[in-house]
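Below: one structure, written as structure tokens.
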Amino acid sequence: MENQKFYYDNKIVKLFILATLVWGVVGILVGILAAAQLAFPVFNFGLEYTTFGRVRPLHTNAIIFAFVGNAIFAGVYYSMQKLLKTRMFSDTLSKIHFWGWQTIIVLAAVTLLAGITTSKEYAELEWPIDIMITIIWVIFGWNMIGTLIVRRVQHIYAAIWWYLATFLGVAILHVVNSFELPISLFKSYSIYAGAQDAVVQWWYGHNAVAFFLTTPFLGLMYYYLPKAANRPIYSYKLSIIHFWSLIFLYMWAGPHHLLYQALPEWAQALGVTFSIMLIAPSWGGMINGLLTLRGAWDKVRDSAALKFLVVGVTAYGMSTFEGPMMSLKTVNQITHFTDWTIAHVHIAGMGWNGGLVFGMLYWLVPKLFKSKLFSEKLANIHFWMSTLAILLYAIPLYWAAVTQWLMWQEYTPEGFLAYPNFLETLTQIVPMYMVRVVAGFLFLGGFLIMVFNLAKTMKAGSFINNEASEAPALVLAGKRNPVTETVHRWMERKAVRFSILTFVALAIGGAVEIIPMIFIKSNVPTLESVTPYTPLELEGRDIYVAEGCYVCHSQMVRPFRWETDRYGEYSKIGEFVYDYPFQWGSRRTGPDLARAGVIGGPMYKNAAWHYNHFMDPQKMNEESIMPNYAWLAVKNVDVTMTPKKIRAMQTLGVPYEEGYDQKAVADLMAQAQTISDDLKASGIELAPEKQMIALIAYLHKLGRDIMSENAAVTEEHGETAEQQQAHEITLLDTPEDLEAGKKLYQANCVVCHGPEGKGIPPAFPSLVDDEWIKGNKPADVYHSIAEGNVAKGMIPYKNMLSEKQITQLASYVLITLHEQNQEK
Amino acid sequence: MKIVSDLLTSIEGIQIFYIVGLLIFVVLFIVITIRTMRMPDKEMENIKNSILADGESEEITTSN
């Protein structure tokens, strides 16, 4: 048959490669900034645009969608044309795809730093950008399916099955997770609430990993690994089995992100079961990749591209073993909320995604520019820097995770938490965070060497935008002959049918998981005491979302003794029915805030404390790594939006009374005035319309609805204790006791009363003057510590410290601090 | 979500969804595995080598 002439579109591949390199540098730099902020809070720069809460989502989005995204498109556009022996279906669609995607990235960067976010991890972008993503993604899919239709080969090769699954999977995930009710151009509310929102979000979050960071890369592996090694893939049969198993199973596993949390038991069990099952197809991919090199390992020694591909596939094998292990409930209690997850995703991100992208680029760029790689030696240096950086990143963080978890759940012999102050458990791991910054620089250094190496290669070579080729036209094979053709082989030449079956495999898992959660009422038992947010609390919640507080603070107390002792009552599913979106968080860099509003509980802090803490967290405790939020005391709440927000909540099903939107602003101002007055009583002037007032109102709402009965008991108990005669104590003045007292003071008291005991009067009284509200006799001080002052935010320490420890503390205050003060 | 919330209101009987979903998977898995394993090896070789035969690779290496 006569050959048809056609031209490959190399230009679009080059554009995506250049974008990959540029966004790669940006994404890693932002990552280093985020890492530095956790080690040295000064890198938050005191600006609202550069706090960790905003920078971290920028890093994850830049790496996932900008760096990895562009690399996927470069790899797909090159390999699809070659595999299907045709030019891409439409140059216009290719161009719209490229420029549209870059526009989305720029808009994402600007909006995330401006605090415009939905707070749903890896789906933070607001609704106009979500719509843009949908349009551009459809254009990508249209171009891909169009290319399949005009192809010149009979059968679709395995790599393209994965590309199809990527297109369909991401489309389903993005659309379902992005259902939002817009309030303005920059603000929307998720249509799902609480536990339902959590299930949908983590179904998305988990499968974004699957269909953006795994399936396209398996496709790339199936093309670029055989090409770089010049050997066929190990087993075609294995590729069929692991493809269908993997895309089917992944969709079910999302709830493993929500173990021990406020989610029905069946959903958790489902997530665990399917996560374990996922090992098999994942390892099918790894084995197929690694065994492709059997008998050709000598080539790995000589080729940096192959080295990266091998490390990539190995990292994939490690991560896909570790992931299912982390889904076991007993392991999950260690790995969840600690740095373990961060280490895990970086092994996968830097190793698997990074390795495959680097390997692909080292092979592809010389090919496109018809030249040899400028320096194989530099590529090898990059390889070793990159591999070392992964280890230097992950090992300290695994260490940090185990250390912090052990500290969280350690008890004293008396039965109290050994480290009741969360900060102690964080201070311990800050040195690991410093090592992480070094790892980041090492990885960036390697990356820049690659950019230089590739730039030199491009300069030395010659690039042809439209590369001529020829192939015979496709002749339709007609009906299946059951004797000579298997069903799968037949499907491989029916692109549309293949896509539909892929869609069905994907949809089953998603539907089974999400539909019952949303539509079955008995999955979300309601609690009568839980009331909707007041307008001020709602505004405060929006500020909490915008500032990305969820990035460091969870709102989810798991049912462990060491969590309920530290934070309060464990979280229940019915508490979150008015939370659009949910704010459970996924990492505790700071303490959990689910019980921040429970007066008398261990997490309660009064308004004056919050004010001082937002203004300068390091003044409250010099080891704190929280950024300051001083602008919250300057900026006003935009009350013009409040009625609209109330109406939106009513649309979503929140039971505000009819016409409440008209009264909302008045209610908001009245509540704000009470907080402003409360602050004034503590000597702090803050106008009621300030954002900080709204945020304090929101924090004081957290957990309050379910505390009523417990609080009543505490208050009653408090009164009884008040009437009790203080029993006589003898101060402990040995150096050991005073040293122990000092440690207790620094762990528990320094935040409010300062390192020298001078406090911040009148909110936090001085402990070194002679004006003691409840007396400064040893017995009085013991009593004040033991019983606390619940109304002012001081918790009863008898629930956290032994009698001896309280005596040591009283001794330190009355002896050491007093003496130090008199010396001055 | 009020419009559609009457579709399913009770948790009773929903296990059928999971059982059906899993059954579909298990049956298909077994069928696909058996049928795939019975595909002739020679045909597999041709498919595997096809991506290397684009006129650019230096040599075509068949599987061991």
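Side chains are part of it too, since the values below use all heavy atoms of this structure and drop only hydrogens, waters and symmetry mates. Numbered from 1 within each chain, the chains take letters A, B, ... in sequence-line order.
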Checklist entry - Which heavy-atom pair separates A:P226 from B:L52 by the least distance, and what is that distance? => result O-CD2, 3.7 Å
Checklist entry - Minimum heavy-atom separation for A:I241 to B:F29, with atom names? => result CG2-CE1, 3.8 Å
Separation of [Y] [atom2] from [X] [atom1] (nearest 0.5 Å):
X      : Y      : atom1 : atom2 : answer
A:I240 : B:I47  : CD1   : CD1   : 7.0 Å
B:I51  : A:Y222 : CD1   : OH    : 11.0 Å
A:L238 : B:T33  : CG    : OG1   : 10.5 Å
A:W252 : B:F25  : CH2   : CZ    : 9.5 Å

Checklist entry - Is it the backbone or the side chain of A:F248 that comes under 4.5 Å from a heavy atom of chain B, or both, or neither? => result side chain
Item to check | Verdict with reasoning, A:V487 to B:R35, per side chain to side chain contact (heavy atoms under 4.5 Å, CB included) | outcome: CA-CA 8 Å; A:V487 176; B:R35 295 205 63 123; 4.2 Å; yes
Next on the checklist: Can you confirm whether more than 12 heavy atoms, excluding those of A:K372, are under 6.0 Å from its NZ atom?
Outcome noted: no
Checklist entry - Should the heavy atoms of other residues, nucleotides or ligands under 6.0 Å from CZ of A:F6 be counted, would the total exceed 12? => result yes
Next on the checklist: Can a donor-acceptor pair be found, under 3.5 Å and without considering hydrogens, that links the side chain of A:K237 to the backbone of B:D41?
Outcome noted: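 Not confirmed, A:K237 side chain does not pair with B:D41 backbone.
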Checklist entry - Okay, side chain of B:K48, backbone of A:Y234: is any donor-acceptor separation there less than 3.5 Å? => result yes
